[in-house]
Trainee: 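Here it is: the structure, laid out below.
Order of the sequence lines sets the chain letters (A, B, ...), proteins ahead of strands, with each chain counted from 1.
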Amino acid sequence: MMEKHFDPTGARTRWNREWDARGIFPPNDRSDREPFVIVLPPPNVTGVLHVGHILGDTVQDHLIRWKRMSGFNTLWIPGTDHAGIATQKVVEAALAREGKARADMTRDDFLTHAWKWKEHHHTRIVEQMKQLGCAFDWTREAFTLDEPRSRAVREVFVRLYEKGLIYRGDYIVNWCPSCQTAISDEEVQHEERDSKLWWIRYPSRDGDVVVATTRPETMLGDTAVAVSPEDAGKRHLVGKTVTLPIVGRQIPVVADAVVDREFGSGFVKVTPAHDPNDFGIAQRHDLPAMVVIDRAGKMTREAGADFAGLDRFEARRRVVERLEKEGVLVKVEPHRHAVGTHDRCGTVIEPLLSRQWFVRMQPLAEPAVRVVENDEITFYPPRWRNVYMSWMTNIRDWCVSRQLWWGHRIPVWYCDDCDHFTVAREDPAACGGCGGTKIRQDEDVLDTWFSSWLWTFSPMGWPDADAPDLKRYHPTSVLVTGSEIIFFWVARMIMASLEFMGEVPFRHVFLTGIVRDGIGRKMSKSLGNSPDPLDIIDQWGTDAFRFTLSMLSPPGKDVFFDEEKLEIGRNFTNKIWQASRLVLGAVEKESQPIFADGGGHDGGAFAAAWREAHGSTLSFAPDLSGEDRWILSALSRCALDTNRCFEEWRLNDGASRIYDFFWHDFCDWYLELAKVRLYGEGERRTVLAVLLHVLGESIKLMHPLMPYVTEEIWSALPMARGLLLENRYPRGDERAVDGEAEARMGLLRDVVTSVRNIRAAYRVAPSARVPVRVHAPEERAALVREAAEGILRLAGAASLEAGPAVSKEKGDAATPIGDIEVVVSLRDVVDIDAERARLEREQAKTEGDLAAVAAKLANQSFVAKAKPEVVEREREKRLRLETELARLRESIGLLRADG
RNA sequence: GGGCGAAUAGCUCAGCUGGUUAGAGCGUCUGCCUUACAAGCAGAAGGUCACAGGUUCGAAUCCUGUUUCGCCCACCA
């Protein structure tokens, strides 16, 4: 006998051990079944799992298990990301707590610490990932900074360099003064902020010029003033010079098309070293660039003795003061504009002229646009495709060098003796130009995404083109990730795979939503609103967690996650458990064998379904009741729907479908009806076999969502063979859908519901049995009589009479349903006034409905233009409503007659 | 400044290609510890589908516009 309650922790421990011991997650490399492959978006190795990861992992595990059970050779590769900046920062912070600063350490010492830190956190995060029940192939685990991935990164760098797609140059980059590294455009977060627009007069013999700026401190580095070439009123100044206040430098006025004559004063100060626009102007007009802000965000010596060493924001205040003092500050007005900040630390980005490595993206983007255009790669939900396209078609070069220590070091060596630099796969011993041995490797490392973008093939043995995994498992099937990294990662993976593999990295991109807290805020550490998934798992169980998330996550929509919602999953898990207890308890009590390995009974659709699902044969000839046929039909329907939902990436709908079937069809109706036979005296094997079959198939359907509880129950089912994961996912069968059985069940449900309704309306004690009579045409009355035992039990009826002769009289409560009428005799219990009120309410509603239908049918164009089946449906509806209405009037009349 | 998404019951959301009586979970109300389950069972109440037009025999669903909220992109300093 099963325990009274499911023990999620015990089951998790047990099945993790069991799955691991049996080694069932890695694919069969010799199989000729179609592969289904996913690479896990690698979490930050020094991070902790948050609820968002659980959602992504749940979706992927769901797909993997479903495909595996559907006959695919599945592979899911786990791994972690070295996450350059993020990791370096946490390691630095940890060292700081020990009183050590990175500045005082050698690179090697720092890296030793970083690796130690990585090892520690890696163990932890892997431990966490194992608690989710994910079917990862740990034998293929990868890390973006391990040896094989380093080889791939170097190969890629060298190839791109040789192709002219990587270059080094001096450009304005996004500089984070806090992290002291360049970052890519994608890492800049634009935030609207209230600021000011300062209007400053630059005096000139030819007439003063007034510029408007949001960054007065950069005026110290101005080397020109620009106007729009279309601005007739100002054109005469072009070629003249103006005096830079404070500094006193003479700077020229130039005309450039980027200047908008409508904005501000129509004059733009040009600071080539600190503004990307101005940098462009300077290039076009051959203007010098003067760096006045350094890498720490402090003013340089170039900024002048009065400002050198000041923080840039302090310098802003001082500069404004000076301008005011000099009488050149014309006005200050409030101005709201977007400020670039570093997405990792929130520091305001300083555009800075600096020498960096860049990847030329345009040539890589073109094929990547094509494969999406021709649907070799599809996006779910499809709207993300446009987001991808618009980014790809306006793509800009990618700054890949980072001034960090933690990461893939740039494989470039500079020579002390000549200008040549050596770009090499293996560390060179000498300069490739002059042969000199005084060479130094570039100090910088590569952007983390420079290793992540190889993630579909770098874990499969690339650059060895003959690596068996590459041949077998690439391209992968689907990428499951969040929409926030479409540019960072998805787009770049597509480009990298096309460039280096000559094929797409994956066929489909499935984008999950962002998990938010109960009031819509993004989960974040600083807000403290992200619960620890492991706490949730301990408290609620993995299955409950996974099921709840699945159910609440329409594809690509943000999820408002609230711990209370876990009740959905927990309650459902319990429901499954309890239903299983009922079934297994009943099976244990049966003395005759239900099935056997060989021989046995062979005929009939159910016997065949049993054989196909369980590989054994029934040991008796099943004698199916109406409800048996109905639940088998509903099971098939559920399996069909579920598979269809999954095919269409609507995992949440699939989850709801199974939930509804199991809870409301199987538990609420079938189990209750089954009790008639289970607790009766007759032959029980048919109902037991049906119970076992439907339960078994149901938990197969649920397995991808709730691996532990289903595996646990499966192991207790007498007909189970092997692990649940090794069994075939129910596909459903159109031919198994039994319309007649479903109609019959509908009739039974209607009768039972009507009686319950009346009982509740009159507060009939639950223990009281009431006589039930059903007025119906003989054909249908026969069906009702056939289902008598079930109706008696479910409706709490004392007796059941059905036929065309059934009549009602005063003291009866009656409810019409189409052409039948359910009559419950309550003798003195019925309150005449209450019953009349009840009937009149019903009457009003029915009259309303009828009027609507009648109006529709009276409309000539409706009858002429609507599809015939729709018109027919309306006619049937009218007939039904008319019948019901007549019965209601009859009942009301009866109450009046002698009341 | 562009683009996208959302707006349906008190709350959180379903409602796929327009067509039965707009559904579920939670919450509320009523009655039940009925030999699987009170993490449960039965019943009930609750919606002018954001607003305004339009297309159509028919609109929560399609189109246009408006409002509110959210997100993404963007070199008007």
Trainee: Tell me: CZ of F561(A) to P of C26(B), nearest whole Å?
Mentor: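 Taking atom P of C26(B) as the reference, CZ of F561(A) is at 17 Å.
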Trainee: Is any NZ, NE, NH1 or NH2 atom of the basic residue among E590(A) and R684(A) found under 4.0 Å from an Asp or Glu carboxylate oxygen of the other?
Mentor: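 R684(A) and E590(A): salt-bridged.
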Trainee: How far does the C1' atom of G10(B) sit from the matching atom of U56(B), given to the nearest Å?
Mentor: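 Approximately 35 Å lies between the C1' atom of G10(B) and that of U56(B).
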Trainee: Between C72(B) and C11(B), how many Å separate the two C1' atoms, rounded to a whole number?
Mentor: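 Result for the C1' pair: 28 Å, nearest Å.
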Trainee: Have a look at R383(A) and say if it touches a base, only the backbone sugar-phosphate, or nothing, with a 4.0 Å heavy-atom cut-off.
Mentor: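 If one applies the 4.0 Å heavy-atom cut-off, R383(A) turns out to touch the sugar-phosphate alone, with no base involved.
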Trainee: When the C1' atoms of G47(B) and U64(B) are considered, how many whole Å apart are they?
Mentor: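 So the two C1' atoms sit 26 Å from each other.
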Trainee: Which atom pairs, donor and acceptor, lie under 3.5 Å between side-chain atoms of residues 655-663 of chain A and protein residues at least two apart or in another chain?
Mentor:
residue, atom, partner, partner atom, Å
S656(A), OG, N652(A), O, 3.0
R657(A), NE, D641(A), OD2, 2.7
R657(A), NH2, D641(A), OD2, 3.1

Trainee: Test of understanding: with side-chain hydrogen bond (donor to acceptor under 3.5 Å, both in side chains), list the residues that count as partners of W384(A), not counting sequence neighbours.
Mentor: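 side-chain hydrogen bond (donor to acceptor under 3.5 Å, both in side chains) list for W384(A), sorted by chain: empty.
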Trainee: For F263(A), enumerate each residue passing the ring pair (Phe, Tyr, Trp, His ring centres under 6.0 Å) test, keeping only those at least two apart in sequence or located in another chain.
Mentor: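 In terms of ring pair (Phe, Tyr, Trp, His ring centres under 6.0 Å), with neighbours along the sequence ignored, F263(A) is linked to H335(A).
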Trainee: Please report, rounded to the nearest Å, how far the C1' atom of C57(B) is from the CZ atom of R873(A).
Mentor: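 That distance rounds to 15 Å.
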Trainee: Suppose we screen for ring pair (Phe, Tyr, Trp, His ring centres under 6.0 Å). Which residues come up paired with W391(A), at least two apart in sequence or across chains?
Mentor: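 Residues passing ring pair (Phe, Tyr, Trp, His ring centres under 6.0 Å) with W391(A): F487(A).
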Trainee: Please name all residues satisfying side-chain hydrogen bond (donor to acceptor under 3.5 Å, both in side chains) with D275(A), sequence neighbours left out, ordered by chain then number.
Mentor: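 Expected list: none.
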Trainee: Please state how far atom CG in D665(A) lies from atom P in A24(B), giving the value in whole angstrom units.
Mentor: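 In whole Å, A24(B) P lies 13 Å from D665(A) CG.
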Trainee: Output one letter per nucleotide in nucleotides 33-38 of chain B: B when a protein non-hydrogen atom lies under 4.0 Å from the base, S when only the sugar-phosphate is that close, - when neither is.
Mentor: ---BB-
Trainee: Please name the pair of heavy atoms, one in D343(A) and one in E186(A), separated by the smallest distance, quoted to 0.1 Å.
Mentor: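 Distance-wise, the nearest heavy atoms are OD2-O, 4.2 Å.
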Trainee: Between atom CG in D849(A) and atom C1' in A22(B), what is the gap in whole Å?
Mentor: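 The answer, rounded to whole Å, is 13 Å.
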Trainee: Could you give the distance separating C13(B) and G18(B) at their P atoms, to the nearest angstrom?
Mentor: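 Rounded to whole Å, the distance is 26 Å.
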Trainee: Can you measure from CD1 (I293(A)) to CH2 (W175(A)) and round to the nearest 0.5 angstrom?
Mentor: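 So the gap between those two atoms works out to 13.0 Å.
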Trainee: Which nucleotide sits closest to the side chain of R644(A): G19(B), G43(B), C16(B)?
Mentor: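 From the listed options, C16(B) comes nearest.
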Trainee: Between G25(B) atom P and L566(A) atom CG, what is the distance in whole Å?
Mentor: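 L566(A) atom CG is separated from G25(B) atom P by 18 Å.
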Trainee: Using the P atom as the point on both nucleotides, what is the distance between U61(B) and G19(B), in whole Å?
Mentor: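 Looking at atom P only, G19(B) and U61(B) are 11 Å apart.
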Trainee: Give the minimum heavy-atom separation between L584(A) and A716(A), together with the two atoms involved.
Mentor: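 Result for this residue pair: CD2-O, 3.6 Å.
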Trainee: Does H664(A) make a side-chain N or O approach to OP1 or OP2 of G25(B) shorter than 4.0 Å?
Mentor: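 Yes, such a contact exists.
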Trainee: Starting at CZ of R759(A) and ending at P of A44(B), how long is that distance when rounded to a whole Å?
Mentor: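 The distance from CZ of R759(A) to P of A44(B) comes to 14 Å, rounded to the nearest Å.
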Trainee: What is the distance, to the nearest angstrom, from the CG atom on D562(A) to the C1' atom on C13(B)?
Mentor: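 So the two atoms are 13 Å apart, to the nearest Å.
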Trainee: Give the B/S/- string for nucleotides 71-77 of chain B, one per nucleotide from 5' to 3', where a protein heavy atom under 4.0 Å of the base yields B, of only the sugar-phosphate yields S, and otherwise -.
Mentor: -SSBBBB
Trainee: Taking only residues two or more places apart in sequence, or in another chain, which ones meet P272(A) in a side-chain contact (heavy atoms from CB on, under 4.5 Å)?
Mentor: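 Residues passing side-chain contact (heavy atoms from CB on, under 4.5 Å) with P272(A): T223(A), V270(A), A282(A), A289(A).
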Trainee: Keeping to residues at least two apart or across chains, list the side-chain hydrogen bond (donor to acceptor under 3.5 Å, both in side chains) pairs with something in residues 843-856 of chain A.
Mentor: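 Output for this query lists E847(A)-R889(A).
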Trainee: For U55(B) and G46(B), measure between their C1' atoms and round to the nearest Å.
Mentor: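 These two C1' atoms come out 33 Å apart once rounded.
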Trainee: Quick one: list whatever passes side-chain hydrogen bond (donor to acceptor under 3.5 Å, both in side chains) with E187(A), sequence neighbours left out.
Mentor: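 Once residues adjacent in sequence are excluded, the partners of E187(A) under the side-chain hydrogen bond (donor to acceptor under 3.5 Å, both in side chains) criterion are S184(A), R402(A).
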Trainee: When the C1' atoms of A38(B) and G31(B) are compared, how many Å lie between them, rounded to an integer?
Mentor: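 Each nucleotide's C1' atom is 14 Å from the other's.
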Trainee: Mind calculating the distance between NZ (K867(A)) and P (U17(B)) to the nearest angstrom?
Mentor: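 Rounded to whole Å, this separation is 13 Å.
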Trainee: In whole angstrom, give me the gap between the C1' atoms of A52(B) and C32(B).
Mentor: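 Nearest-Å result for A52(B) against C32(B) at atom C1': 50 Å.
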Trainee: Please list, chain by chain and in numerical order, all residues satisfying side-chain hydrogen bond (donor to acceptor under 3.5 Å, both in side chains) with N571(A), sequence neighbours excluded.
Mentor: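 Partners of N571(A) by the side-chain hydrogen bond (donor to acceptor under 3.5 Å, both in side chains) criterion come out as none, since no residue qualifies.
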Trainee: Could you pick out which residue, N386(A) or E874(A), lies toward the 5' side of RNA chain B when each is mapped onto its nearest nucleotide?
Mentor: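 Here N386(A) is the residue nearer the 5' end.
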Trainee: Reading 5' to 3' and counting Watson-Crick or G-U wobble pairs with both distances under 3.5 Å, write the dot-bracket notation for RNA chain B, | for bases paired outside the strand.
Mentor: (((((((..((((.....[...)))).(((((.......))))).....(((((..]....))))))))))))....
